[in-house]
Amino acid sequence: MNDWAPIAKEYDPLKAGSIDGTDEEPHDRAVWRAMLARYVPNKGVTGDPHLTLFVARLNLQTTEEKLKEVFSRYGDIRKIRLVRDLVTGFSKGYAFIEYKEERALLKAHRDANRLVVDQHEVFVDFELERTLKGWIPRRLGGGFGGKKESGQLRFGGRDRPFRKPINLPNVKNDFYGEGSAEKRNWSREGARDWRTRDREHERSREKRGPERERSWGWGDSERERDSKEERSRGRERKDRDRRDRERDRSRERDARKQRDDDKHR
C-alpha cells in the first residue's frame, strides 16, 4: 500500500484491467492478449516524447489547422500529427502535438483536458507510447481507454485512475484464533456471540413449534370440517330425494283411491 498511486508508473495489462490494480487473474480475453503481446514503439515516430501531448476523442472533421488554432494558445507548437487511416485518409479521432517548451506542455495538459473542439469534448494526456515502460496499445488489448458497454475498461490512466484498495483483515486466521492475543480474544468473543445466537435460534424454534402444531391442527380441523359439510350435504340430498319419492307415492295412492270411489258410486 505504501507504493500505491492512482496513476500507473509502469504499464501492467493485468493491473490496468483491474479497478484498483489488485487483480491476480485476467477477467477478459483482451487482457490475456495484452499480457502475451510484445509491442515495440514505432521507430518511425520522431520528436521529443517528453514534450508531446496526446489528444483524443476528436471530431473526425477536425483538421490540423483547427488543432493548431486551439492548442497554440498554450505555447509554441513544434509539430502536429493527426493520425489518419492509411487507406481512406480519414482521421482516426486522435492526434499528437509536440510543444517547444515543457511549460507550454504542462499548461495544455492542465487546461485543455475536456475542452470542446468542433462540438466534441476532447481528452488530453501525455504521450505514453514512448514514455511509459511496458506500454501496450488498445488494439492489442492494452491502453487506458474502453467503454462500459464492452466490459473492457482499463484503469490507471488520467481518465480512469486506480481506486484505492480496501485493506481487509485476515479473516481466516482470526476465525481459527491465530495471530496476536488481541485477535485470539476477538475470536473467542466472536465464538461466544455465535453460540449465544445459536441458543436464541433454538429457543425461537421451540417457540415456533407449538405455533406450527396449532397451524397444522387448524389445517386438519379445516379438512375435517369440509368433509363433514360434504357428508351433510349428501345426507340432505338423500333426505330430499326420499321425501320427493314418498310424496309421489302418496299422490299415486290418493289418485287410486279417488278412482275406486268413483267406480262404487
Side-chain angles (χ1 to χ4, degrees), residues 1-42 45 49-60 62 67 70-71 74 80-83 85 91-99 102 104-168:
M1 285 297 297
N2 294 333
D3 59 350
W4 179 86
I7 304 298
K9 300 176 182 178
E10 181 176 337
Y11 193 81
D12 184 339
L14 183 59
K15 291 183 178 179
S18 171
I19 193 171
D20 57 5
T22 59
D23 277 8
E24 297 181 355
E25 294 288 341
H27 70 276
D28 63 53
R29 294 182 181 179
V31 174
W32 273 114
R33 190 166 71 251
M35 293 171 65
L36 299 174
R38 295 292 180 267
Y39 178 71
V40 178
N42 187 357
V45 177
H50 298 286
L51 292 177
T52 302
L53 203 67
F54 171 68
V55 184
R57 301 172 189 168
L58 292 169
N59 189 322
L60 299 182
T62 299
L67 291 174
V70 173
F71 284 89
Y74 304 108
I80 295 178
R81 180 166 64 94
L82 179 62
V83 180
D85 187 275
S91 169
K92 287 190 173 183
Y94 63 96
F96 295 91
I97 301 176
E98 182 184 357
Y99 283 94
E102 184 180 9
L105 174 78
L106 296 176
K107 187 176 180 181
H109 181 270
R110 184 189 66 224
D111 298 339
N113 190 39
R114 297 186 177 180
L115 187 71
V116 177
V117 179
D118 290 338
Q119 293 81 45
H120 275 226
E121 187 179 272
V122 301
F123 170 71
V124 174
D125 199 0
F126 299 121
E127 180 192 337
L128 299 176
E129 181 181 11
R130 295 179 291 168
T131 60
L132 187 64
K133 183 180 179 181
W135 175 254
I136 303 293
R138 182 64 184 174
R139 68 176 183 273
L140 297 180
F144 285 131
K147 296 181 179 180
K148 292 182 179 180
E149 294 78 8
S150 68
Q152 297 181 359
L153 296 177
R154 298 293 179 265
F155 301 88
R158 185 182 192 185
D159 194 31
R160 292 189 186 90
F162 289 128
R163 294 185 183 178
K164 194 169 185 179
I166 300 174
N167 282 335
L168 297 176

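If you're wondering where the values come from, they're calculated on a predicted model, not measured in any experiment. Reckoned from all heavy atoms, side chains included, excluding hydrogens, waters and symmetry mates.
Residue pairs satisfying the salt bridge (charged side-chain N to carboxylate O under 4.0 Å, His left out) criterion with at least one member in residues 106-130, sequence neighbours excluded, are listed as follows: Glu127-Arg130.
Residues passing the ring-ring contact (aromatic ring centres under 6.0 Å, His included) test with Tyr39, sequence neighbours excluded: none. For Asp23, the side chain to side chain donor-acceptor pair (under 3.5 Å) partners are Ser18, not counting sequence neighbours. Ile19 pairs by the side chain to side chain contact (heavy atoms under 4.5 Å, CB included) definition with Phe155, Arg163, not counting sequence neighbours. By the salt bridge (Lys or Arg N to Asp or Glu O under 4.0 Å) test, Arg81 is found to be paired with no residue, residues two or more places apart in sequence or in another chain being considered. For Arg158, the side chain to side chain donor-acceptor pair (under 3.5 Å) partners are His109, not counting sequence neighbours. Annotation: side chain to side chain donor-acceptor pair (under 3.5 Å) contacts of Arg57 (sequence neighbours excluded): Asp159. Shown here are the side chain to side chain contact (heavy atoms under 4.5 Å, CB included) partners of His120, two or more places apart in sequence or in another chain: Asn59. For Ala56, the side chain to side chain contact (heavy atoms under 4.5 Å, CB included) partners are Phe54, Tyr94, Phe123, not counting sequence neighbours. Annotation: ring-ring contact (aromatic ring centres under 6.0 Å, His included) contacts of Phe144 (sequence neighbours excluded): Tyr11, Trp135. Listed by chain and residue number, nothing satisfies the salt bridge (Lys or Arg N to Asp or Glu O under 4.0 Å) test with Asp12 (two or more places apart in sequence, or in another chain).
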### Message
Set out, in order, the CA-CA distance, both residues' side-chain angles and the distance that settles side chain to side chain contact (heavy atoms under 4.5 Å, CB included) for Phe162 and Thr22, then state yes or no.
### Response
CA-CA 10 Å; Phe162 289 128; Thr22 59; over 6 Å; no

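Nearest heavy-atom pair, Ile7 versus Gly157, reported as atom, atom and distance to 0.1 Å: CD1-O, 3.3 Å. Between Tyr99 and Ala108 the shortest heavy-atom distance is OH-CB, 3.5 Å. The two residues Ala34 and Gly142 come nearest to each other via the heavy atoms CB-N, 3.9 Å. Between Arg138 and Gly146, the shortest heavy-atom distance links the atoms NH2-CA, 3.6 Å. Smallest separation of non-hydrogen atoms from Val122 and Ala112: CG2-O, 3.8 Å.
Put simply, CG on Leu82 and CD1 on Ile97 are 9.5 Å apart, with the number rounded to the nearest 0.5 Å. The distance from the OG1 atom of Thr62 to the CD atom of Gln119 is 8.5 Å, given to the nearest 0.5 Å.
Looking at heavy atoms from C-beta onward, Leu53 lies in side-chain contact with Val124 at the 4.5 angstrom threshold. Side chains of Leu132 and Phe126 form no contact here, defined as non-hydrogen atoms less than 4.5 Å apart. Residues Phe71 and Ile80 form no side-chain contact, since every pair of their non-hydrogen atoms from C-beta on lies 4.5 Å or further apart.
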What donor-acceptor contacts under 3.5 angstrom involve side-chain atoms of residues 25-33, with partners at least two apart or in another chain?
from: His27; atom 1: ND1; to: Gly17; atom 2: O; distance (Å): 3.2
from: Asp28; atom 1: OD1; to: Ala30; atom 2: N; distance (Å): 3.0
from: Asp28; atom 1: OD1; to: Val31; atom 2: N; distance (Å): 2.8
from: Asp28; atom 1: OD1; to: Arg154; atom 2: NH2; distance (Å): 3.4

